[in-house]
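Here is the structure we will look at, set down as structure tokens.
Note: hydrogens, waters and symmetry copies are ignored here, and every other heavy atom, side chains too, is used. Convention: sequence-line order gives letters A, B, ...; per-chain numbering from 1. What you are looking at is a predicted structure, and each value in this text was computed from that prediction instead of being measured.
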Protein chains: 2
Amino acid sequence: MATRLIDIAEKAGVSLTTASHVMRGYTKSKIKLETTDHDLKVADEHGYRPNAIARSLKIQRINTIGLYTGYGYHSLRDPFLAEVYTGIQRVCSDLHYDFLVHVDIEGKEPSEIRLRLNDGKVAGLIVHAQSGDAVVAELARIRMPAVAIADRQSVLPSVIADDADGMRQLADYLWSRGHRHIAYLTSHLKLASIEARSETITQLMAERGGRCTVLPFPQLHPAEFLAQLMESEDRPTALCCWNDYYAYQMVRVGMDLGLRIPEEIAVVGFDGLLDTLLPARKLVTVGVPWEDMAAEASKMLLRLLDGETLPLVTTFPVTLIAGDTA
Amino acid sequence: MATRLIDIAEKAGVSLTTASHVMRGYTKSKIKLETTDHDLKVADEHGYRPNAIARSLKIQRINTIGLYTGYGYHSLRDPFLAEVYTGIQRVCSDLHYDFLVHVDIEGKEPSEIRLRLNDGKVAGLIVHAQSGDAVVAELARIRMPAVAIADRQSVLPSVIADDADGMRQLADYLWSRGHRHIAYLTSHLKLASIEARSETITQLMAERGGRCTVLPFPQLHPAEFLAQLMESEDRPTALCCWNDYYAYQMVRVGMDLGLRIPEEIAVVGFDGLLDTLLPARKLVTVGVPWEDMAAEASKMLLRLLDGETLPLVTTFPVTLIAGDTA
DNA sequence: TTGTAAGCGTTATCAA
DNA sequence: TTGATAACGCTTACAA
């Protein structure tokens, strides 16, 4: 049981109110400097910190914001989300907020999910979801403070990229290099940005007398897809991919097929997220199951909360991964 | 103002207690099925959800865990942390916990930081910090439930990799390929794993009559460093790097210098995190300032909490990034 | 300058 | 089977 304000007050020999005033640096009512100093000292000795929960309940505010994404738990291996997290954290850090990753929301009905998001743990949400996400509609209905990022939500203030302009720049670039027939590789996700991008480029190419074929990105057999595409009579000369990840996959598949890029097939992406730090070499290294370890640590933490005693050290095995750099 | 339990009770024409029992599915006291059904219906209509804050205050528990890392805000571009986050989320999702990323802790004294971590917002913490981190000591002192991950903390249950065995495997591998003098590129961070790794490999090489020189990783001028190293008379034939990120940097620098890898210089890492999806090509793409956008969205959210009215759409400019794939 | 007391929305004890 | 009522730890009128 952590020390409470009343404990501090008692130890310091003052009332609860006085202690509270001192802790909050209340200036209106002038408290004796002596009292103040003494109180603070006592609080410090006991490592006292006001309980944020009780405080939130009283003042009806909480300095925590959350993130809702349509997907279950967020894969931070997705460089896009990593950027989003980093941005949120930067601001939270500056403005003294904490950042709650809502994860207890999986496999539920939309209405139930929004209930979970609205249980008072966060003051508001950053939202990244597909168009027509039912949860987002619910959130808007109950006027939960929320801002959409990257993919526009009609019912929320949205922070988006200038997708159309980006596509125009790409179209200009490709056109000036002589491309008259391109393919746009889209995603199965119903994201506003994807629609904006594919529509814009299709229209731009058509306006100029060229054309753009919209195709779903071949998740399962990218190599077969590209091989077939290259053999087709009326084939596109450039692949315009929804994002960098898709694009790099196409580049790799192209290289595997022995295609010269960009001479035989040009590839462009969208995002500017993935850099080229990693050469096309396979590193000799030691594989560590970091994710499993973090999972195990979390489980242990919860068991700890249950009063269980845990071993001081839990060691996971690691494995050498062969490569070509050594 | 969200609906409270008492509102539901009034609407349903029952007492607060009854409503509470119904909501919690309390079975001991048998409530008329009619009452139950009616109450639930009313609650549903109003989109009622028990306030987690009030609930936490009352039951003195909270189903949220946090993460403390020694560095300011966590860079999620660090693939290691991405794995950690993902692992934590996976477990939280399974066990109905939420995950709080503490960010309001920067630039404070250790004792103050641990106070912030101990304000009741989280039930416990996952910890990743350097050896001798004062905050960790404080956390242990006040018996805050915590589990360390990846880098052992003497005062906490720790989940770590078998660093020594990993290094043994690497040493065996390098030794069998004829390497007798290697360099270990270490970090400035005082992490337990680093110490364990460098000590182990140094000792293993020495035992066999070879040797290992421990050098700080050249953050600023990796190219100059490698060039000089290659020219030195008694140069190592292999670079053993603290992690994959360091290793890939060395590989790239090596390729830039025209070195044959592994013939002229072998490179090994540790982690198994970075894959080789990305070829050493520079993509033509459109750069989007995702992080800034997320930051802006967060700021907007907070302004929204202040009652401010925001524009429905905020658009950021994007820029074409030249490359060699198109 | 300090103290008393009400109340934030729950849960839980104890009567009715 | 249901209903008062007292906490949980804090903030804040208002009173002394």
Problem set entry | Nearest-neighbour nucleotide for the B:I59 side chain, C:dA12, C:dT10, D:dA13 considered | C:dA12
Exercise. Nearest of D:dG3, D:dA13, D:dG9 to any side-chain atom of A:T17?
Worked result: D:dA13
Give a yes or no on whether a donor-acceptor pair under 3.5 Å exists between the nucleobase atoms of [N], that is its base, and the side chain of [X].
{"X": "A:T18", "N": "C:dT1", "result": "no"}
{"X": "B:K58", "N": "D:dA7", "result": "yes"}
{"X": "B:S20", "N": "C:dA12", "result": "no"}

For this session: Would you please confirm or rule out a distance under 4.0 Å between OP1 or OP2 of D:dC10 and any side-chain N or O of A:Y48?
Result: yes
Length of the line joining [X]:[atom1] and [N]:[atom2], which is rounded to integer Å:
{"X": "B:K121", "N": "D:dC8", "atom1": "NZ", "atom2": "C1'", "result": "19 Å"}
{"X": "A:H38", "N": "C:dT2", "atom1": "NE2", "atom2": "C1'", "result": "16 Å"}
{"X": "A:I8", "N": "D:dC10", "atom1": "CD1", "atom2": "C1'", "result": "14 Å"}
{"X": "A:L5", "N": "C:dG3", "atom1": "CG", "atom2": "C1'", "result": "14 Å"}
{"X": "A:D7", "N": "D:dC10", "atom1": "CG", "atom2": "C1'", "result": "13 Å"}
{"X": "A:R4", "N": "D:dT11", "atom1": "CZ", "atom2": "C1'", "result": "16 Å"}
{"X": "A:L16", "N": "D:dT11", "atom1": "CG", "atom2": "P", "result": "9 Å"}
{"X": "A:R55", "N": "C:dG9", "atom1": "CZ", "atom2": "C1'", "result": "18 Å"}

For this session: Could you pick out which residue, B:S15 or B:L57, lies toward the 5' side of DNA chain D when each is mapped onto its nearest nucleotide?
Result: B:S15
Problem set entry | Aromatic plane relationship, A:F80 with A:H128 - under 30° parallel, 30 to 60° tilted, over 60° perpendicular | tilted
Problem set entry | CA sep, side-chain torsions, deciding dist, call: B:M144, B:E138, side chain to side chain contact (heavy atoms under 4.5 Å, CB included) | CA-CA 9 Å; B:M144 169 73 128; B:E138 282 272 297; over 6 Å; no
Exercise. Within the side chain of A:T86, is there an N or O that forms a donor-acceptor pair under 3.5 Å with the backbone of A:A82?
Worked result: yes
Exercise. Side chain to side chain contact (heavy atoms under 4.5 Å, CB included) between A:Y85 and A:V101: does it pass, once the steps are laid out?
Worked result: CA-CA 10 Å; A:Y85 267 60; A:V101 181; 3.3 Å; yes
For this session: Determine, step by step, whether A:S193 and A:D151 satisfy the side chain to side chain donor-acceptor pair (under 3.5 Å) criterion, reporting the C-alpha distance in whole Å, the side-chain angles of both residues, the deciding distance to 0.1 Å, and the verdict.
Result: CA-CA 5 Å; A:S193 65; A:D151 286 279; 2.7 Å; yes
